[in-house]
Amino acid sequence: MIDEIHVENLALIRSAAFSPAPGLTVLTGETGAGKTALLSALKLLVGERAEASQVREGATAAEVEGRLFRGARDTKGLCIARRVSADGRSRARIDGHVASIRELSELVGPMVDLCGQHEHQRLLDAASHVEMVDAWAGAPVLDALAAYRAALAAARAARDELARVTAAARTEGARLEDARFALERIDEVDPQPGELEELEETLPRAEHAEALASTAHEASEYLSGEGGALDALNAAIAELSRMGRVDAKLSDFADALNEAAITLEDVSSDLRRYRDGVDFDPAELARLQERHAALSGLMRQFGPRMEDVLARREEAGELIAVASDGEARIRAAQEAVDVAEAELSHAARTLMRRRNDAAPRFCREVGKQMARLEMGKAELVWDARELPRERWSEQGPAACELLYRGGTGLTARPLRRIASGGELSRVMLACKVVLGEADGVDTLVFDEVDAGVGGAVARSLAAVLADLARTHQVIVVTHVAQVAVLAERHYVVRKVEGDVPETVLAPVEGEERVHEVARMLSGDATETSLAHAREMLQLM
């Protein structure tokens with residue numbers, strides 16, 4: 001839902017603020033006043049393409065800022081900013097962070113549906129028809145769709161495995177020979193997981209065993225040998241203890257040194273045990289060196305890491321096993337494909353049965369709303385054509401589309417080929433009303449949905465828009481007073497002439513709103529039109 005929008009130097013707008021109501025908001029004004037400039041601002045916020053021509057004459061850049069909320073539970077919202085410089089460069093920010101236009105489109109685009117006559121509307125895309133029917137049908141179809149997609153993924157995986165096994169089973173020549181050579185060479189050494197790491201820790205100790213034992217022995221002698229550190233330390237302790245009878249402070253020093261002597265004796269004993277535990281075995285050393293060399297050779301040939309060597313052994317072993325037992329593996333993989341395809345066919349039938357049950361009911365409900373919009377006998381017709389298995393997609397196993405029939409006896413044809421701009425807008429409006437809260441879009445913007453309507457049709461259109469505003473935020477650019485009087489919030493767009501004309505956007509209430517509705521009724525604020533306007537606003 002759009003909370004507020006601020007626009008600077010866009011088209012004829014110098015500066016404008018727009019805060020639509022949660023329900024129905026209307027924009028009115030004379031033809032040519034610049035209502036489409038605000039729609040251009042909305043397009044920039046949802047990530048549509050920017051052009052240098054959108055920058056106001058004499059300005060260096062156009063800027064649009066907006067705050068939007070994603071559903072009723074969103075209390076933080078999103079702050080979006082878009083800047084278009086006079087040289088055509090465009091920049092976007094989301095919550096203060098630099099963002100790409102693609103990120104803006106993916107994040108904000110799904111939140112706002114621009115339903116203008118001349119826009120590329122989702123209604124012209126057959127894929128959106130299936131999405132609408134599925135959303136309206138709810139759990140029965142959506143659950144079936146999820147099961148179908150899971151089955152489709154499983155079938156694809158089974159086919160990929162069959163292709164892999166088949167290719168491996170037919171592998172001949174150099175590749176198979178390479179695999180045999182690699183397996184024989186690696187198995188000859190037979191490396192084990194973690195062996196290299198353990199060897200790299202053990203080998204240095206074995207190679208330097210004599211030096212390690214000698215170092216431990218010499219250190220022990222320095223500590224506890226004749227004339228070593230302990231002899232000098234014990235002499236100091238004895239002298240301090242003797243004189244401690246004179247000054248007790250010296251006894252404290254003697255006690256401290258006595259603890260140090262105990263520590264040195266322990267270290268000296270540990271060093272002797274370490275020395276005695278060092279085992280210099282030339283044969284074991286040679287074995288370890290030979291083993292390390294063998295593992296290093298494998299890494300040079302199949303590495304560079306031991307993990308690569310182990311992976312190569314597994315790959316080669318599997319390739320040889322498949323090649324030697326290819327037919328059996330192919331049969332097993334084909335059986336898995338057959339099972340997966342059978343499950344997929346069942347899921348596809350279930351999905352289409354539920355879709356084909358829900359879609360006509362959806363069309364009837366939309367037809368009721370189209371009748372309210374005085375569209376005569378026009379109706380939507382569900383068309384589902386089964387596709388060959390190889391063309392099944394994530395959307396389903398059939399090509400589905402909502403066709404438009406302008407009247408009884410006429411041939412139903414695709415919406416993109418039949419419906420006029422005004423009809424498309426009203427069909428979209430009817431669909432949105434039927435979808436209600438199942439529609440994933442929070443905000444709907446209608447541009448000239450009332451083009452060419454009046455009288456009873458205008459009243460019906462206004463009633464339908466009011467119904468839609470119960471479940472959506474609806475923003476309508478309108479020339480019809482019957483629509484304007486139902487709005488929760490009413491903005492008027494006026495054009496101020498000057499060297500550079502300026503579009504001014506302002507909310508109207510009270511008498512200002514009465515005068516605007518009167519203008520819409522008769523083109524001028526006469527006593528009759530003012531009275532009629534007051535009557536319409538009082539009735540609402």
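Small disclaimer: the values here were computed from a predicted structure and weren't measured. Index from 1, following the sequence.
Here E65 contributes atom CD and I5 contributes atom CD1; the two are 11.5 Å apart, rounded to the nearest 0.5 Å.
Residues that satisfy the salt bridge (charged side-chain N to carboxylate O under 4.0 Å, His left out) test with R156, not counting sequence neighbours, are E394. Partners of W136 by ring-ring contact (aromatic ring centres under 6.0 Å, His included), not counting sequence neighbours, listed by chain and number: F362. Applying the salt bridge (charged side-chain N to carboxylate O under 4.0 Å, His left out) test to E239 and every residue at least two apart in sequence or in another chain returns R242. Under the rule for a ring-ring contact (aromatic ring centres under 6.0 Å, His included), Y148 has no partner lying at least two apart in sequence or in another chain. R67 is linked by a side chain to side chain donor-acceptor pair (under 3.5 Å) to D3, E4, counting only residues two or more places apart in sequence or in another chain. Residues passing the side chain to side chain donor-acceptor pair (under 3.5 Å) test with E341, sequence neighbours excluded: R159, R389. Residues satisfying the salt bridge (charged side-chain N to carboxylate O under 4.0 Å, His left out) test with R89, not counting sequence neighbours, are none. Remark: T75 engages no residue in a side chain to side chain donor-acceptor pair (under 3.5 Å) (not counting sequence neighbours). For the side chain to side chain donor-acceptor pair (under 3.5 Å) test, residues two or more places apart in sequence or in another chain that qualify with R313 are D187, D190. Partners of F18 under the ring-ring contact (aromatic ring centres under 6.0 Å, His included) rule, at least two apart in sequence or in another chain, are Y491. Applying the salt bridge (charged side-chain N to carboxylate O under 4.0 Å, His left out) criterion to R102, with sequence neighbours excluded, gives E106.
Screening V55, L10, V64 for a side-chain contact (heavy atoms from CB on, under 4.5 Å) involving V84 leaves a single residue, V55.
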For residues 223-238, run the donor-acceptor check on the side chains, cut-off 3.5 Å, and write out each pair with its distance to 0.1 Å, sequence neighbours left out.
unit_1 : atom_1 : unit_2 : atom_2 : d
S224   : OG     : S220   : O      : 3.1
S224   : OG     : S268   : OG     : 2.6
S224   : OG     : R272   : NH1    : 3.2
D231   : OD2    : G227   : N      : 2.8
N234   : ND2    : L230   : O      : 3.1

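A salt bridge links D113 and K432; the closest N-O separation between the charged side-chain nitrogens and carboxylate oxygens is under 4.0 Å.
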Legend entry - D308/R305 under salt bridge (Lys or Arg N to Asp or Glu O under 4.0 Å): CA gap, chis, key distance, verdict: CA-CA 5 Å; D308 301 317; R305 303 171 305 159; 3.2 Å; yes

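The environment of CD in E197 is crowded: more than 12 heavy-atom neighbours from other residues, nucleotides or ligands sit within 6.0 Å. Atom CD of E200 is surrounded by more than 12 heavy atoms from other residues, nucleotides or ligands within 6.0 Å.
Listed for the R489 side chain is a donor-acceptor partner under 3.5 Å among the backbone atoms of S19.
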